[in-house]
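Just so you know, residue 1 is the first one in the sequence shown, and it goes up from there.
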Amino acid sequence: MVALARTPSSGERLRAVDGFLAEAFADLAKHDDRLRGVAVEVRFDRGVAHLTGEVADPDQLRLVRLLVGQFDGVLAVWSRVRVGGREPIVVDLGCGAAKQYPENLGLDLRRADGVDAQADLSGPLPIADNSVDVIFTVHILEHLIDFLALVDECHRVLRPGGVLHIMSPWWGHVNAVADPTHVRLLDVQTIKGICSRPPGTPRWYPLHAGCDGASIFADMTPMSPDDPEPAASHMARFFD
């Protein structure tokens, strides 16, 4: 028997946690010399940290991601940050009319106000190799019978150091089965499976993964064939 241990938090508690996280990061930025002069703004929304602003180089962005992601209560670290003055290329897959950031490039099968280009997400993406900095797949994977094909396409189009953001209904919540167009059930352990696929398949490094009792979240960055496997201590942060 599997026990459903997670219960979604109330809106009041989530707002209180967001307030705590904002205070904690402000205190860290005030006292951690590594963040001196880093012009990144962090906004917390129901446990998701939204990073905007600018950094000098990719190492600064990785540092901010790492420090924010270490706070208890952070479910994911979403970003649209300029690096060295360059605007990031951010793609929102299956966005409909609700892109995560207005400036994102929206792709969807059907036309809508937020869609910039039509694309069938069950096939190859109309995007060049190594050309994208960030990809959002928010409430998309559960609609695809073979979502690994899309995940592999994201691996192809992301630049080294790019990030794939995933958000999907948690299998133990009614939202996962209430929508008849959902064809897959996902868990945080599903993300572990994606990051533990056999040699010869696209490899991912989990930056963050979590569940709030209603949805699962994951931030992943593509690995090259020569990269070492993630340390067991790092995997243990997120997965059983």
Side-chain angles (χ1 to χ4, degrees), residues 45-52 75-81 87-159 162-188 190-191 193-195 197 201-202 204 206-212 214-222:
D45 182 11
R46 301 176 71 88
V48 176
H50 294 262
L51 311 185
T52 54
L75 297 166
V77 183
W78 291 2
S79 65
R80 186 181 174 91
V81 176
E87 287 288 341
I89 305 300
V90 184
V91 174
D92 225 316
L93 297 179
C95 62
K99 289 191 284 194
Q100 304 310 309
Y101 300 103
E103 304 88 352
N104 292 357
L105 174 65
L107 271 65
D108 204 312
L109 181 62
R110 297 177 178 85
R111 293 188 180 277
D113 288 342
V115 176
D116 300 292
Q118 287 182 275
D120 183 355
L121 302 185
S122 64
L125 296 175
I127 302 174
D129 295 359
N130 304 318
S131 62
V132 174
D133 297 293
V134 177
I135 297 176
F136 284 94
T137 57
V138 177
H139 292 298
I140 295 303
L141 299 189
E142 66 273 15
H143 294 275
L144 301 174
I145 293 175
D146 181 14
F147 65 74
L148 283 177
L150 178 60
V151 172
D152 289 350
E153 276 293 282
C154 292
H155 192 286
R156 176 183 67 81
V157 305
L158 280 170
R159 291 177 171 142
V163 179
L164 169 63
H165 298 303
I166 294 172
M167 179 182 178
S168 287
W170 177 52
W171 72 270
H173 192 273
V174 67
N175 287 348
V177 294
D179 187 337
T181 67
H182 291 175
V183 295
R184 297 297 300 267
L185 300 177
L186 287 85
D187 185 77
V188 172
T190 310
I191 306 304
I194 293 173
C195 296
R197 294 170 68 195
T201 57
W204 293 92
L207 298 171
H208 211 88
C211 178
D212 65 358
S215 302
I216 66 151
F217 300 82
D219 304 328
M220 309 190 305
T221 190

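- For Asp219 against Val163, the heavy-atom pair with the smallest separation is CB-CG1, 4.2 Å.
- By the side-chain contact (heavy atoms from CB on, under 4.5 Å) test, His143 pairs with Asp179, Thr181, His182, sequence neighbours left out.
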Walk me through it: do Thr190 and Phe147 pass the test side-chain contact (heavy atoms from CB on, under 4.5 Å)? CA-CA 11 Å; Thr190 310; Phe147 65 74; 3.9 Å; yes

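- Here the CD1 atom belonging to Ile194 is positioned 7.0 Å from the CG atom belonging to Leu186, to the nearest 0.5 angstrom.
- Looking at residues two or more places apart in sequence or on another chain, you find a side-chain contact (heavy atoms from CB on, under 4.5 Å) between Pro222 and His155, Leu158, Trp204.
- Between Val177 and Trp171, the closest side-chain pair of non-hydrogen atoms is not below 4.5 Å.
- Separating the NE2 atom in His165 from the CG atom in Leu207 is a distance of 8.5 Å, to the nearest 0.5 Å.
- In terms of the salt bridge (charged side-chain N to carboxylate O under 4.0 Å, His left out) criterion, residue partners of Asp152 (sequence neighbours excluded) are, by chain and number, Arg197.
- Judged as a salt bridge (charged side-chain N to carboxylate O under 4.0 Å, His left out), and not counting sequence neighbours, Asp108 has no contacts.
- Of all heavy-atom pairs spanning His139 and Pro169, the tightest one is ND1-CD, 3.5 Å.
- With sequence neighbours excluded, the residues satisfying side-chain contact (heavy atoms from CB on, under 4.5 Å) with Leu51 are Val40, Val42, Leu61, Val64, Arg65, Val68, Val77, Ser79, Val81.
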Go through the steps to decide whether Ile191 and Met220 satisfy the test side-chain contact (heavy atoms from CB on, under 4.5 Å), and finish with yes or no. CA-CA 9 Å; Ile191 306 304; Met220 309 190 305; 3.9 Å; yes

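- Between Cys154 and Leu164, the shortest heavy-atom distance links the atoms SG-CD1, 3.9 Å.
- With sequence neighbours excluded, the residues satisfying side-chain hydrogen bond (donor to acceptor under 3.5 Å, both in side chains) with His50 are Tyr101.
- By the side-chain hydrogen bond (donor to acceptor under 3.5 Å, both in side chains) test, Arg184 is found to be paired with no residue, residues two or more places apart in sequence or in another chain being considered.
- Residues meeting the side-chain hydrogen bond (donor to acceptor under 3.5 Å, both in side chains) test with Asp120, sequence neighbours left out: Ser122.
- The line from CG of Leu107 to CD1 of Ile135 is 9.5 Å long, rounded to the nearest 0.5 Å.
- Within the 3.5 Å criterion, the main-chain N or O of Trp170 finds no donor-acceptor partner in the side chain of Ser215.
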Without placing hydrogens or testing angles, list every side-chain donor-acceptor pair under 3.5 Å for residues 91-99, not counting sequence neighbours.
| residue | atom | partner | partner atom | Å |
| --- | --- | --- | --- | --- |
| Asp92 | OD2 | Gln100 | N | 2.7 |
| Asp92 | OD2 | Asn104 | ND2 | 3.1 |
| Lys99 | NZ | Pro102 | O | 3.4 |
| Lys99 | NZ | Asn104 | O | 2.8 |
| Lys99 | NZ | Asp116 | OD2 | 3.1 |

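- Atom CG of Leu105 is separated from atom CD1 of Ile127 by 6.5 Å, given to the nearest 0.5 angstrom.
- The minimum heavy-atom distance between Ala128 and Ser131, with the atom names listed, is O-OG, 2.7 Å.
- Evaluation of the salt bridge (charged side-chain N to carboxylate O under 4.0 Å, His left out) rule for Glu153 yields Arg156 as partners, not counting sequence neighbours.
- Residues passing the side-chain hydrogen bond (donor to acceptor under 3.5 Å, both in side chains) test with Asp113, sequence neighbours excluded: none.
- Listed here is the closest heavy atom pair of Thr221 and Gly162: OG1-O, 2.6 Å.
- One distance of note links CG of Leu150 with CG of Leu125; it measures 6.0 Å at 0.5 Å rounding.
- Applying the salt bridge (Lys or Arg N to Asp or Glu O under 4.0 Å) rule to pairs touching residues 130-146 yields Arg86-Asp133, Asp133-Arg159, sequence neighbours excluded.
- Residues Leu144 and Val183 come closest through the heavy atom pair C-CG2, 3.6 Å.
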